[in-house]
Amino acid sequence: MKFYSTRSRNHTADSMEAVLKGIAPDGGLYTPLDFASMQVNVGDLLEMSAVEISAEVIGRILNDFTRDEMRALIEAAYEDKFETADLTPVKKVGDDFVLELFRGPTSAFKDVALSVLPRLIVAAREKLGVEDEIVILTATSGDTGKAALEGFHDVAGTRIIVFYPDGGVSDVQKAQMVTQAGDNVGVCAVKGNFDDAQTGVKNIFADDEANRWAAASGARLSSANSINIGRLAPQVAYYFKAYCDLVLNAEIGLGDAVNFIVPTGNFGDILAGEFARRMGLPVGKLVCASNANNVLTDFINTGVYDRRREFYRTASPSMDILVSSNLERYLFLASGGDFDAVAGLMRELSENGVYTAPTAMMDEMRAHFSAGCADDAAALKAIGEVWRDYGYLMDTHTAVGWAVMQQFKDAEDNGWKNVLLSTASPYKFSHDVLSAVSDARPETGFAAMDRLNAETGVPVPPNLATLRDRAPRFTDCVEKGEMLEYVKARIRK
Ligand SMILES: *Cc1c(COP(=O)(O)O)cnc(C)c1O
C-alpha cells in the first residue's frame, strides 16, 4: 500500500516507513488513497474474535506486514491487557448502543491503538534494519499521554517523551502520567494549552536542525499522536467489530447501515470511521460531536474553518482542541487526493488561522457527516439523565456525544441504528461525573472516585483504583519555547 503525504506528491512511503516516520518530511500526514484494494467483506468477520477482526482490518491498511506477522503482533499487543476478550464491548442503552472503547490498561479509548503502535514501530524498525533509537514525542490533551507511556515503557529500541498542558488535564490524568514507571520515559508539563503543546511537537518534527541533532545522537524522532497512521489503523477495527456485534445480536441485518456518533477532538477516531466506510462497512452518518470548542461543528455546517476564537477549558479536556490534525487527512480524501488544494488550505490555516473549503469538498463531507456540539451543562445533564433513566454511567466526553446524538435524532432521523462511541471510563473524570449524579462535592479527584463508586456501585477500574498509592516521578514544567531543550536533555541521558 502506498501512503501519500497530504501536502505534496513527492513524499510517498510504504506502510512501514509511514509508521516509523509518523509525519511526512513536508509536514503532511501519510494517507492511503486506494481503498479499492482494502475492501473488507463484513460477512467474513462475523465468526471472528475481536483480535482476529483487528488483525484482518489492520492488515488491509498496513499491508507490508504478512498476515501471520500481523496476527501474531495483534495477539501479543492485546493479550491480557483488556478487561474483556472482546476488547470493545457494545452495550444497549435505551434504543441506542454504546461502544465501550475504554476497557484497556489506562481506561481510555486510546489504549486500543496505543497497545498496537509500539509493536508496529518495533517490527518496522527491525524489518527496515534501522539501528537508531526511536524517540516518540507526544503532545497530549490528557489520555494519549498515559496510553502511550503504558504502550512504550521499557519497549527495547524506543524512548518516549510526553508533553501535557500545565493545568489542562484532570487530577487523575496527571497522576496517571507523572507516576509512570519505565527507564525510557519522560513526562513534562508545558505552560500553555494543548494546541501549544501539539504545535511545539510538530515544530520539533519539522525542524531540520533538531532532526540532524537527533541523528547524530543515534536517535530518530517519531510520533504516537493520531497523525501516525499506525495509530489510526487499529481504530478502524472496532467499527467493524461493533457492526458485527449488532448483526450477531439480531439488532440489524447484514448490509443495514449504522450511524456512529463520535466525541471528537483531533478528528482521529471519527476519521477511522470514514476509513471503515471506505473499506466497505455500511455506515449511515458519522456524527461529529464537539464540546464548547466547536470549531468542527462550524466547519461542517459552514465550510469555514476558523480557529481564531476563544479557547475553553471544559469538563471534556481531551476534546479541547481548536486545530484538529486529522481533518487534513479527510480534506485530502474528500478532494480525491488534491495535494495542492490541501497544502494551500493548511498554509492559510497556519498563516491566517482560517480557511474556506471548496464547495465540492463540503458536499462530499456532508453526504457522510453531520455535526453538533454540547457545552458542559448539556453534557452533565446527559450524564444525570442517562444514569437515572437507564442505570448507565457515562464519562464527560461520551456525554457530549450522547447530547449530540439526541440533536441528531431530532434533526435527521434516517431510520438507522445509532452507535455512540464511549471514549473514557467515568472514573477518569470522577469530579464532574459525580456532580451530575449527586450533590456531593469532595475535595480531590480520588475522594470523588470513592464517592462516585459508593453512590453508583459501578466498579472502579483497577488501574485507577491503585493510582493514589504510587509516588510521582516527574515534576518538570517548561515554557512553550523550551520543549526542544527538554527533548535534547532526555535523549542525552
Ligand atoms: C482523544 C479523546 C477523544 C477525541 O478523539 P480524537 O481522535 O482526538 O478525535 C475523545 N474522548 C476521549 C476521552 C479522548 O481521550
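Since the structure is predicted, the reported quantities are computational estimates derived from the model, not experimental observations.
A donor atom on one side chain and an acceptor atom on the other are found under 3.5 Å apart for Thr314 and Ser316. Using modelled atom types and a 3.5 Å distance limit, the side chains of Asp269 and Thr264 yield no donor-acceptor pair. In the model, Thr199 has no side-chain atom that pairs as donor or acceptor with a side-chain atom of Asp196 under 3.5 Å. Looking at Asn10 and Asp26, their side chains never bring a donor and an acceptor atom within 3.5 Å of each other. One side chain, Gln180 or Lys146, offers a donor N or O that lies under 3.5 Å from an acceptor on the other. Between the side chains of Arg329 and Asn326, a donor-acceptor pair is found at a separation under 3.5 Å. Counting only N and O atoms by type, the side chains of Glu100 and Ser422 include no donor and acceptor under 3.5 Å apart. A donor and an acceptor atom, one from each side chain of Asp86 and Thr84, are located under 3.5 Å apart.
Among Phe82, Tyr78, Phe102, the one residue that satisfies the side-chain contact (heavy atoms from CB on, under 4.5 Å) test with Asp111 is Phe82.
Using a 4.5 Å heavy-atom cutoff, the side chains of Leu420 and Leu99 are not in contact. Gln176 has its side chain out of reach of Leu149: every pair of non-hydrogen atoms, C-beta onward, lies at least 4.5 Å apart. Phe194 places a side-chain heavy atom less than 4.5 Å from the side chain of Asn266. Side-chain contact between Val201 and Phe163: present, with at least one pair of heavy atoms (C-beta onward) separated by less than 4.5 Å. A 4.5 Å side-chain heavy-atom check between Arg7 and Phe339 finds every atom pair outside the cut-off. You'll find the side chain of Phe275 reaches within 4.5 Å of the side chain of Pro32, heavy atoms only. Counting only heavy atoms from C-beta outward, the side chains of His368 and Val283 never approach each other to under 4.5 Å. Put simply, the side chain of Val295 does not reach to within 4.5 Å of the side chain of Phe311, judged on heavy atoms.
Ring planes of Phe109 and Tyr238: perpendicular class, angle over 60° (limits at 30 and 60°).
At least one donor-acceptor pair under 3.5 Å links the side chain of Ser335 to the backbone N or O of Leu331. Side-chain N or O atoms of Glu364 include none that pairs as donor or acceptor with a backbone N or O of Met361 at under 3.5 Å. Side-chain atoms of Asp256 never come within 3.5 Å of backbone atoms of Ile252 as a donor-acceptor pair (strictly under, hydrogens ignored). With Glu274 contributing its side chain and Leu271 its backbone, the two residues share no donor-acceptor pair below 3.5 Å. In this structure, the side chain of Ser223 engages the main chain of Asn225 through a donor-acceptor pair within 3.5 Å. The main-chain N or O of Asn184 is never found under 3.5 Å from a side-chain atom of Arg159 such that the two would form a donor-acceptor pair. With Thr423 contributing its side chain and His397 its backbone, the two residues share no donor-acceptor pair below 3.5 Å. No donor-acceptor pair closer than 3.5 Å links the side chain of Asn259 to the backbone N or O of Val419. A donor-acceptor pair under 3.5 Å is absent between the side-chain atoms of Arg220 and the main chain of Val135, judged by distance alone. Put simply, the side chain of Asp44 never gets that close to the backbone of Val40: no donor and acceptor are under 3.5 Å apart.
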Leu421 and Thr398: CA distance, side-chain angles, deciding distance, side chain to side chain contact (heavy atoms under 4.5 Å, CB included) verdict: CA-CA 7 Å; Leu421 277 61; Thr398 309; over 6 Å; no
Audit row: Thr106, Glu150, side chain to side chain donor-acceptor pair (under 3.5 Å) steps and yes/no: CA-CA 8 Å; Thr106 78; Glu150 192 60 38; over 6 Å; no
Side chain to side chain contact (heavy atoms under 4.5 Å, CB included) between Ile160 and His153, worked out: CA-CA 7 Å; Ile160 173 159; His153 78 88; 5.7 Å; no
Derivation of the ring pair (Phe, Tyr, Trp, His ring centres under 6.0 Å) call for Tyr355 and Tyr305: CA-CA 5 Å; Tyr355 63 79; Tyr305 194 101; 5.4 Å; yes
Test log, rule side chain to side chain contact (heavy atoms under 4.5 Å, CB included), inputs Asn228 and Ser222: CA-CA 8 Å; Asn228 192 316; Ser222 189; 4.1 Å; yes
Intermediate values then yes/no, side chain to side chain contact (heavy atoms under 4.5 Å, CB included), Val258 and Leu246: CA-CA 9 Å; Val258 168; Leu246 293 194; 4.1 Å; yes
Chi angles and distances behind the ring pair (Phe, Tyr, Trp, His ring centres under 6.0 Å) call for Tyr239, Phe260: CA-CA 8 Å; Tyr239 284 90; Phe260 291 95; 4.9 Å; yes
Side chain to side chain donor-acceptor pair (under 3.5 Å) between Ser325 and Gln198, worked out: CA-CA 9 Å; Ser325 302; Gln198 176 160 262; 3.3 Å; yes
Chi angles and distances behind the ring pair (Phe, Tyr, Trp, His ring centres under 6.0 Å) call for Tyr330, Phe369: CA-CA 11 Å; Tyr330 183 72; Phe369 289 74; 4.9 Å; yes
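What you find for Met362 and Phe299 is that their closest heavy atoms are CE-O, 3.3 Å. Pairing each heavy atom of Thr144 with each of Arg231, the nearest pair is CG2-NH1, 3.5 Å. Pairing each heavy atom of Arg71 with each of Ala55, the nearest pair is CA-CB, 3.9 Å.
When the shell of 6.0 Å around NZ of Lys81 is examined, it contains more than 12 heavy atoms from other residues, nucleotides or ligands.
Taking the charged nitrogens against the carboxylate oxygens, Lys127 and Glu69 do have a contact shorter than 4.0 Å, which makes a salt bridge. Here Lys285 pairs with Glu412 in a salt bridge; the nearest charged N to carboxylate O distance falls below 4.0 Å. Between Glu209 and Lys488 there is a salt bridge, since at least one side-chain N of the basic residue sits less than 4.0 Å from a carboxylate O of the acidic one.
Residues meeting the side chain to side chain donor-acceptor pair (under 3.5 Å) test with Asn294, sequence neighbours left out: Arg309.
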